[in-house]
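What you see is a predicted model, and the numbers here were worked out from it, not measured in a lab. All values below were derived from every heavy atom in this structure, side-chain atoms included, with hydrogens, water molecules and symmetry-related copies excluded. Residue numbering restarts at 1 for every chain, and letters A, B, ... go by the order of the sequence lines.
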Amino acid sequence: MPKNGNSVAPARVRFSPSPTGLTHLGSARTALYNYLFARKTGGVFLLRVEDTDQKRYDPAAEQDLISSLKWIGLSWDEGPDVGGPHKPYYQSQRKEIYRKHAEGLIKKGKAYYCFCSSEELKVVREAQQKRHEQPHYSGKCRNIPVEVAEQRVQAGESHVVRFKTPKKGSITALDLLRGEITVENSKVDDMVLLKSDGHAVYHLATMVDDHLMQITHVFRGEEWLPSLPLHAHIYEAFGWQQPVWVHLSVFLKPSGKGKMSKRDTAEARLTGKSIFMKDLADMGYLPEGVTNWIALMGWSYDDHTEFFTMKDLIEKFELAKLNPSPASIDFKKLDHFNGLHIRALPQKELAKRLVPYFQKAGYHVAAGQLAPIVPIIQTRMTTLDEGPQLAGFFFKEEVKPPPEMLVGKGMTAADSAGALIKALGIIEVLPEFNAASAEEPMRAVADELSLKAGQLFGILRNAVTGQEVSPPLFESMEIVGRDTVIARLQEAIAALETMGEGRKAA
RNA sequence: GCCCCCAUCGUCUAGAGGCCCAGGACGUGGCCCUUUCAAGGCUAAAACCGGGGUUCGAAUCCCCGUGGGGGCACCA
């Protein structure tokens with residue numbers, strides 16, 4: 001058994017999800033680690049679709065899976081869409097392979113036909129639960145002579161194939177993060193390998209595929225840890241060498257108590273957070289930010305850097321720094337990483353990525369129009385959908401702030417209108433109009449009127465942008481352009497004047 | 001009920017017997033910068049689950065307890 005988890009030998013790893021729902025954080029992280037390890041070692045990363053449960057398989061989920069993995073920047077060398085030497089990569093199309101392997105096990109006396117019905121099994125299970133026993137197969141069909149069993153199968157009797165777990169002794173399996181895990185064989189159940197519909201169950205299909213596809217390292221969720229002993233037995237029964245097992249801890253909900261439930265997930269979505277990749281993309285998170293974030297939930301790199309691009313991750317990733325303890329999801333940290341990656345984006349690229357979010361908000365702009373505003377909003381966003389909130393006013397015909405908003409702090413409407421008139425007069429005659437040329441004269445206006453710069457600038461900001469919070473005033477005015485600034489100031493003055501005299505701002 | 005796993009600031013984590021009266025990051029408070037909001041800089045508070053061992057010495061090793069998580073299907 002290979003013991004060195006950090007072997008530099010090229011690894012063959014796989015991500016093999018069962019497409020039954022939207023791709024979430026946990027799956028994405030498992031896929032990511034697989035990918036990183038493959039790229040790090042110069043090995044192969046393959047994608048395999050575990051669709052042996054016909055009832056739960058959902059083609060839409062498979063679409064979501066592919067797009068989610070691609071979104072975070074993963075690519076695979078073998079898989080359903082790209083083919084490869086071990087195709088097919090859909091388990092449903094590998095039915096025959098599993099059947100043959102199951103029969104091989106029967107011939108070796110390591111598996112057997114079982115004719116117990118689901119109803120029968122259910123009754124037994126319930127009785128066991130009542131007696132506070134761990135539910136397990138009774139063993140009723142375990143010792144039916146093979147010839148007899150085969151006759152019944154030939155006769156068309158409904159059956160499954162079960163693994164024949166040794167009843168005595170114990171088995172020790174090795175998990176890379178936890179070391180040896182030893183379990184009494186009496187605790188390992190005779191699990192079904194082949195269902196009555198002829199499809200293999202995970203325990204058979206995955207072991208067979210991983211072996212056939214020469215998988216060297218298996219990264220999977222911790223929920224598989226309890227069946228690791230079974231899997232070790234199956235490998236032994238076949239006489240195969242086991243891969244290096246790496247069980248990744250689960251993600252807990254933000255409180256740290258328990259894993260995300262359906263209700264938690266729904267609640268998170270309401271507040272602009274989600275564990276689904278698709279939602280995160282819609283909400284304006286960058287794939288780079290999400291990737292950086294999930295990479296660090298269960299893995300660390302100890303030189304105190306936390307900002308990683310995919311390239312960095314491939315370079316730095318190592319098995320030895322994987323952490324077996326469960327981590328709770330912290331969306332605040334996602335915001336932090338997302339902000340970091342937004343700021344790290346080249347301006348042209350950021351403009352391009354902002355386009356869909358502006359369009360979704362109703363501003364039909366192209367990247368070229370966004371280019372000049374990117375520099376003044378780049379440090380002000382944590383998600384891309386904040387772009388339009390912050391800079392939508394650049395593309396509005398009219399901003400129409402409510403008149404109360406135009407009254408300066410501690411000033412009357414008349415004072416405010418007066419200040420605006422004065423400012424307007426200067427703006428109209430400035431030889432050049434840009435951020436640098438407008439600021440000093442405006443400060444002078446404030447001085448002259450014995451106002452604080454902030455008082456005047458506040459009124460100007462509200463008049464020009466229609467927002468209390470905006471990118472820097474003078475840069476914004478420059479981009480908006482002198483004509484529009486003048487028009488908006490005139491509208492503001494008119495609005496203030498109709499407000500009447502002497503009314504103070506609230 | 002049975003089996004398995006995990007356990008350092010609120011959260012993510014560093015720490016593989018002395019380098020630790022425990023370091024970093026997020027978040028939180030304060031200060032600086034500042035026309036708003038951010039970003040940035042500085043700074044503060046904040047943790048080794050409990051009890052027994054082992055050892056000259058334990059956050060680090062062992063045992064027990066407690067807490068948390070996972071599993072116990074003809075689902076994966």
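- Residue-level contact check: R178(A) touches the backbone only, with heavy atoms under 4.0 Å from sugar-phosphate atoms and none from bases.
- Classification of the H24(A)-F276(A) ring pair by plane angle, with boundaries at 30° and 60°, yields perpendicular.
- Within 4.0 Å of S328(A), counting heavy atoms only, lie sugar-phosphate atoms of the nucleic acid but no base atom.
- Note on L473(A): a base of the nucleic acid sits closer than 4.0 angstrom, heavy atoms only.
- Pair check for rC56(B) finds rG18(B); Watson-Crick or G-U wobble, both atom distances under 3.5 Å.
- If you check rU11(B) for Watson-Crick or wobble pairing at under 3.5 angstrom, you find it paired to rA25(B).
- Figure legend. rU36(B) is base-paired to no nucleotide; pairs are counted as Watson-Crick or G-U wobble with both atom distances under 3.5 Å.
- Partners of R380(A) according to the side-chain hydrogen bond (donor to acceptor under 3.5 Å, both in side chains) rule, which considers only residues two or more places apart in sequence or in another chain, do not exist here.
- T52(A) comes within contact range of the sugar-phosphate backbone alone, with a heavy-atom separation under 4.0 Å but no base atom that close.
- The nearest heavy atom of RNA chain B to A200(A) and to R125(A) marks one nucleotide each, and the one closer to the 5' end goes with R125(A).
- R343(A) comes within 4.0 angstrom of the backbone, heavy atoms only, and of no base.
- Across all strands, S325(A) comes closer than 4.0 Å only to sugar-phosphate atoms, never to a base (heavy-atom distances).
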Acceptor/donor pairs from residues 446-457 of chain A side chains to any protein atom, 3.5 angstrom cut, sequence neighbours excluded:
unit_1  : atom_1 : unit_2  : atom_2 : d
E448(A) : OE2    : K422(A) : NZ     : 3.0
Q455(A) : OE1    : K452(A) : N      : 2.8
Q455(A) : NE2    : K409(A) : O      : 2.7

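- Note that R152(A) lies outside the cation-pi zone of Y113(A), set by a 6.0 Å cut-off to the ring centre and a 45° limit from the axis.
- Taking for each of I181(A) and S300(A) the nucleotide of RNA chain B with the nearest heavy atom, the 5'-most of the two is the partner of I181(A).
- When heavy atoms are screened at a 4.0 angstrom cut-off, T379(A) is found touching base atoms of the nucleic acid.
- Within the 4.0 angstrom heavy-atom criterion, no nucleotide atom of any strand lies near G221(A).
- With a 3.5 Å ceiling on both atom-pair distances, the Watson-Crick or G-U wobble partner of rG1(B) is rC72(B).
- Within the shown strands, nothing qualifies as a pairing partner of rA46(B) under the Watson-Crick or G-U definition with both distances less than 3.5 Å.
- Taking the P atoms as reference points, rG24(B) lies 37 Å from rG65(B), given to the whole Å.
- Contact annotation for W293(A): no contact, since no heavy-atom pair falls under 4.0 Å across all strands.
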Identify all side-chain donor-acceptor contacts of residues 189-196 of chain A below 3.5 Å with residues at least two apart in sequence or on another chain.
unit_1  : atom_1 : unit_2  : atom_2 : d
D189(A) : OD1    : Y137(A) : N      : 2.9
D189(A) : OD2    : Y137(A) : N      : 3.2
D190(A) : OD1    : R142(A) : NH1    : 3.1
D190(A) : OD1    : T165(A) : N      : 3.1
D190(A) : OD1    : T165(A) : OG1    : 3.2
D190(A) : OD2    : Y112(A) : OH     : 2.6
D190(A) : OD2    : R142(A) : NH1    : 2.9
K195(A) : NZ     : T52(A)  : O      : 3.2

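- Running 5' to 3' along RNA chain B, contacts with non-hydrogen atoms of chain A at under 4.0 Å begin and end at rG1(B) to rA76(B).
- Applying the side-chain hydrogen bond (donor to acceptor under 3.5 Å, both in side chains) rule to S261(A) yields the partners D264(A); only residues at least two apart in sequence or on another chain are considered.
- Qualifying side-chain hydrogen bond (donor to acceptor under 3.5 Å, both in side chains) partners for Q93(A), counting only residues two or more places apart in sequence or in other chains: none.
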